[in-house]
Chemist: 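One structure follows; several queries about it will come next.
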Amino acid sequence: MAESTAITIKKFHGTDYKSWSLEIEILLEQKQVLGIVDGTEEAPEDMTELQSWKKQHGIARSTFFLGMER
């Protein structure tokens, strides 16, 4: 059976941004979506590639959303 590893970070609630931002950056690297967030990977024009990019974009957005207090 494959071992599952869950990665958790503390949620950002308005303080200690420096620590939180480092954790979220590492998590985005691990999920291979940092380029979408920092702008080094732009949306492709090819429709097939665009579908994959949109999926990765959604992963990046959800990572931020789940990493912050409401």
Side-chain angles (χ1 to χ4, degrees):
M1 176 181 269
E3 188 175 320
S4 175
T5 43
I7 298 172
T8 58
I9 62 168
K10 63 184 176 185
K11 293 191 178 221
F12 181 64
H13 52 81
T15 60
D16 201 16
Y17 174 78
K18 189 173 183 177
S19 174
W20 175 83
S21 67
L22 177 60
E23 289 181 24
I24 205 86
E25 181 177 357
I26 291 168
L27 184 57
L28 291 167
E29 281 181 328
Q30 188 269 335
K31 292 181 178 227
Q32 299 179 352
V33 295
L34 183 60
I36 291 173
V37 174
D38 69 12
T40 58
E41 186 178 328
E42 296 181 5
E45 293 183 20
D46 178 72
M47 292 306 284
T48 304
E49 292 175 13
L50 183 60
Q51 291 295 336
S52 176
W53 185 90
K54 284 182 177 182
K55 182 177 180 181
Q56 295 296 98
H57 185 267
I59 291 169
R61 287 181 49 161
S62 67
T63 300
F64 273 106
F65 181 76
L66 295 172
M68 294 186 284
E69 292 287 335
R70 290 183 184 247

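Position 1 is the first residue of the sequence; numbering continues from there. Any value given below was found using the heavy atoms of this structure, including those in side chains, with hydrogens, waters and symmetry copies removed.
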Chemist: Compare every heavy atom of T63 with every heavy atom of L27, then report the nearest pair and how far apart it is.
Modeler: CD2-CG2, 3.6 Å

Chemist: Restricting to non-hydrogen atoms, name the atom on K10 and the atom on W20 that form the minimum distance, rounded to 0.1 Å.
Modeler: O-CD1, 3.2 Å

Chemist: If you link ILVMFWY side chains whenever their heavy atoms are less than 4.5 Å apart, which other residues fall into the same cluster as I26? By chain and number, please.
Modeler: L22

Chemist: Are I36 and L34 connected, step by step, through hydrophobic side chains (Ile, Leu, Val, Met, Phe, Trp, Tyr) whose heavy atoms are closer than 4.5 Å?
Modeler: no

Chemist: Below 4.5 Å, heavy atoms only, C-beta onward: do K11 and M68 meet side chain to side chain?
Modeler: no

Chemist: Could you give all pairs that pass the side-chain hydrogen bond (donor to acceptor under 3.5 Å, both in side chains) test and reach residues 26-55, with sequence neighbours left out?
Modeler: D38-T40

Chemist: Under 4.5 Å between side-chain heavy atoms, hopping through other hydrophobics if needed: is there a path connecting L66 to I59?
Modeler: no

Chemist: Determine whether a donor-acceptor pair (N or O, by modelled atom type, separation under 3.5 Å) exists between the side chain of S21 and the backbone of K18.
Modeler: yes

Chemist: Which residue in the set F64, F65, Y17 passes ring-ring contact (aromatic ring centres under 6.0 Å, His included) when paired with F12?
Modeler: Y17

